[in-house]
Structures are given as C-alpha cells and as structure tokens.
Protein chains: 2
Amino acid sequence: MESMSSSAAPTGRTGRPPVTSRAEILTAARRLIDRDGWDKLTIRRLASELGVGATTLYHHIRDKEDLLVQLLEYHVGRLDRPPLPDGPRDRIVVAAAAMHDALASWPWAAEVLTTDGFVGLLDESALWMVEGILAGADEHGCTPEQSVRLFRSIWYYTVGEILVRAHTARRVEEGRLPEFRTVFDADRVPHLAALGARWRTLAVRDTYPVGLQAFVDGLLAQADAERA
Amino acid sequence: MESMSSSAAPTGRTGRPPVTSRAEILTAARRLIDRDGWDKLTIRRLASELGVGATTLYHHIRDKEDLLVQLLEYHVGRLDRPPLPDGPRDRIVVAAAAMHDALASWPWAAEVLTTDGFVGLLDESALWMVEGILAGADEHGCTPEQSVRLFRSIWYYTVGEILVRAHTARRVEEGRLPEFRTVFDADRVPHLAALGARWRTLAVRDTYPVGLQAFVDGLLAQADAERA
DNA sequence: ACCTGAACACCGTTCAAGT
DNA sequence: ACCTGAACACCGTTCAAGT
C-alpha cells in the first residue's frame, strides 16, 4: 500500500501534501458567515478565505449542500447540554426550547433544516434534544405514533419560527423591509382593519416560548383524548 | 402632457409600444414553474419564455423578489373562498387549513412566505383567511394581543410544515433524499433507538390537520387561562 | 494523493444606445 | 415609453493536467 519514492513526507503517505483539512474548512466557513453574512458563503469565497483554489474544496466536500450539513453538525455537536426537568411536560418544553435556541443561532441553515428526516443526518451528540422530547412524550403516556407526531409538530413550528424571524431580521439589517400596510378595508377585513398599526408592534414580540407551551399542552391533551 | 409626433399609435400614447405586460409575465412565470420546476424560474429564462430580452422585464418588475410577491398575490387572489363554520374554534381551524392548502400549492414561494409582515403585502382578496382566524379568536374572547399571537403561532407552524414538506418532496422526485439512519445508540438515545425504522414510516404521514387542531385548542385554552 | 487554472453553463442587474 | 445587447460581477461544478 505504501510508496517510498516521495521525499520529506513526515507521515508514511505518498503524494502531494494537503493544504487544508475538513476542520479548517468548517472553521473558515463559520468565520466567513459571522463576518460577512450567510449569503456570502460561497465555494469561491470560502476557498479564497482559506487561500486555496476553489476546486480544491471538492476534495474535502461532496458539494455545497454537504458543506452545509457538515457545518451544522459540527457546531451543534459542540453545544453544551442543559439539565432537563423531571416532569415529562416540562422536559418536552425545555428540550424543544433548547433545540430552537441552538438552531436559531444558525438560521442560515434553512436548506438543511427544511429536509424532512434531517434528524437522521445528525450525530448522537446533537440528538439529546430529540430524545428529550420523545422521552417526555413517552413518559406522559403517548404511543410511539403520538410521540413522533408530537415531535414533528413541534419541529414544524420551530423551523417556521426560525426561518421567518431570521429572514425578517436579515431584511431589517439590510434596511429593505417592505413597508407594512396599516390601513385595511374595514368592510372586507374588519378585525385586521381594527388592529391597524398595532399589528406591527405586536408582531415583533418573541412569542416562541409561550406558543410552544400552548402547543405542547394541546398536543398532550389531544393524545390523552385519543387514547380515552 | 401628450405628444403628437409618433405615427400609427392606436392609443393616445407616445413612444415604442410594449411587447409584454404584467399579466403576461405572471402567466408565463407560472407556466414555467409548472412545467420546469420552481428553481428554473430565472429572469433570463422567463424572458426567453416570453420571447423578449432579459432586461425588458425590469420595466415591469422592480427585481426578482418583486416578481415573486406579485406572483403569489396574483394567484392567491384568484382562489375561491370556502364557507367558514359558525363556531369560533372551528372557524380558526378551517381558515388556517385553507391558508395552508393555498400556500402549499406554491411552496416555491419560500422567499416570500418567510417575510414577517408578509401579510401586509397582500391584497384584501387574499386576506379573508387571516381575517377568519382573527375573527374566530376575537369571538372566542381573545384580546387583540392574544389574537395576533394566535395567528402568528399558527403561521409559523404552517410555514414550517410547508417548507419542510415541499423541500422533502422536491428531493424525493430528484431522487437525492439522503438515506435515513435507522440505527441509533440505545445507551445515549434509547427512545430514538427503539423507534428505529418506524420513524421513517411515521414521518411521511400528513399530520398537519391534526396538529393544527391541537395547537388551536392549546392556544385558546392558554388565552382563557391568562384572562382568568 | 492532492492541488490547480481553465472552462462550462449559468445567474441578477445596470446602463448607454436605439426606436 | 419602451426595448435591447453588451457588460459587470458574480455563481457551482467538471476536467485534464500538474506536482
């Protein structure tokens, strides 16, 4: 397997030595996103950030999507794990909120997040949140079907919130948020018209946690009723 | 204001006659999406679909995003409106489901859907679903704050479901859905491991409507408790 | 074994010139 | 008033050639 023709190779390997590595690429990608923004992460820019040719990256990643998945997994994996409460209902809420907060830090991962079965791509180290939700549902008395449905429902709510708010935040900092209508036809949409400009004030509030609690309670009650 | 130098102009206008129009552009865009897929909608392709120069389109639309907003509004506006039930709770559920179904037909509108305040971009003809939800919440006894929060929560859930499932569906038909893990470490994630291959079977089910009902009930109960 | 530049097949958008 | 081609500043990815 090994060759002995090459000179000055520290390891027992043959051929041209690597100029970069997976870890280096992922760190540079993160640095680039944090500094220049998510939309600036391109293969070409990432390569020049590393000082290598663009095509070199294709020896370390399959394609751009593979880079995204690796990036998310790499960083979710180094998150520290908060203690989960004892009660099953609260365990679900805390685990889901932790999942939300973890992903909300990397809202750029939309392409990855919106893959059904995304969970199957992750390492065990990033799956304790999923496990926490499933364990809580099970302990509450849910069937496996109900537990999976509960998880998926919460997942949709969480992904939706992250994507909408991330997108909005980006537009705000780019200063190109479309001006919001405050006047509506009171004959056709009376409630909307009555709210008027208050909508805007109310819409910027962070209602994820309180909505999550309502959802978990609703889902658990529904599961109970189904089994009764 | 008017000029009289140009010849053979049917209308009283001056200058070169238009080769296309807003309506023609929107119809062509829809045709292109339906035929070739969402990701094939580019300014250049759309122009050649119409048989005009790419730069011509910039006289009818501001930029690509403007095209998307107009496209969504144009098609949501021609949806027919189902009757809403009398009870406030059921009204919310039916209106939200109608909103979901309408948007799920154009899941490509992700860029538009994930703009907070997206509602403010729409015409009254497309807002009866929003109005239906707000009216139901109000009639149930919700405060304006609670009604807006209820709507936003449902909106996040709905958008998340649409985006995840649309993305998954696209990958399936492109035949590049990542293979799903079915084996997990039973010591670290016992519930996930116990589910194993069943997850995949359960995850393809359409659980949007049943999840919606649980969410609405949870949100209304929460609102009641807050006011008690 | 790994790296590279050239090339391919695209994008959205601007702008000066034409009708 | 409206249309146009050329041009600008980019993309992701492939491939043959180099070390």
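- In this entry the distance linking NZ of B:Lys40 with P of C:dC11 reads 9 Å, nearest Å.
- A tilted orientation is assigned to the rings of B:Trp106 and B:His75, their planes being inclined by 30° to 60°.
- Separating the CG atom of B:Leu46 from the C1' atom of C:dC11 is a distance of 14 Å, rounded to the nearest angstrom.
- On the P atoms, D:dA9 is 23 Å away from C:dA9, given to the nearest whole Å.
- Separating the NE2 atom in A:His191 from the CH2 atom in A:Trp199 is a distance of 12.0 Å, to the nearest 0.5 Å.
- For the pair A:Leu57 CG and C:dT4 C1', the computed distance is 12 Å after rounding to whole Å.
- Screening B:Val159, B:Val164, B:Thr158, B:Ile162 against A:Tyr156 for a side-chain contact (heavy atoms from CB on, under 4.5 Å) leaves a single residue, B:Val164.
- Judged by Watson-Crick or G-U wobble contacts below 3.5 Å, the nucleotide C:dT4 has D:dA16 as its partner.
- Residue B:His60 has a polar side-chain atom (N or O) positioned under 4.0 Å from OP1 or OP2 of D:dC3.
- Nearest heavy-atom pair across A:Val19 and A:Glu24 is O-OE1, 3.6 Å.
- Contacts of B:Ser21 with the nucleic acid, taken as non-hydrogen atoms under 4.0 Å apart, are absent.
- Look at B:Arg198 and A:Glu145 and you find a salt bridge, because one of the NZ, NE, NH1 or NH2 atoms lies within 4.0 Å of a carboxylate O, short of that distance.
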**Message:** Output one letter per nucleotide in nucleotides 12-19 of chain C: B when a protein non-hydrogen atom lies under 4.0 Å from the base, S when only the sugar-phosphate is that close, - when neither is.
**Reply:** BBBB--BB
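- C:dA9 makes up no base pair with any nucleotide shown, lacking Watson-Crick or G-U wobble contacts both under 3.5 Å.
- C:dC3 atom P lies 10 Å from atom CD of A:Glu24, rounded to whole Å.
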**Asked** Step by step, would you call A:Ile133 with A:Leu150 a side chain to side chain contact (heavy atoms under 4.5 Å, CB included)?
**Response** CA-CA 8 Å; A:Ile133 293 172; A:Leu150 181 139; 3.6 Å; yes
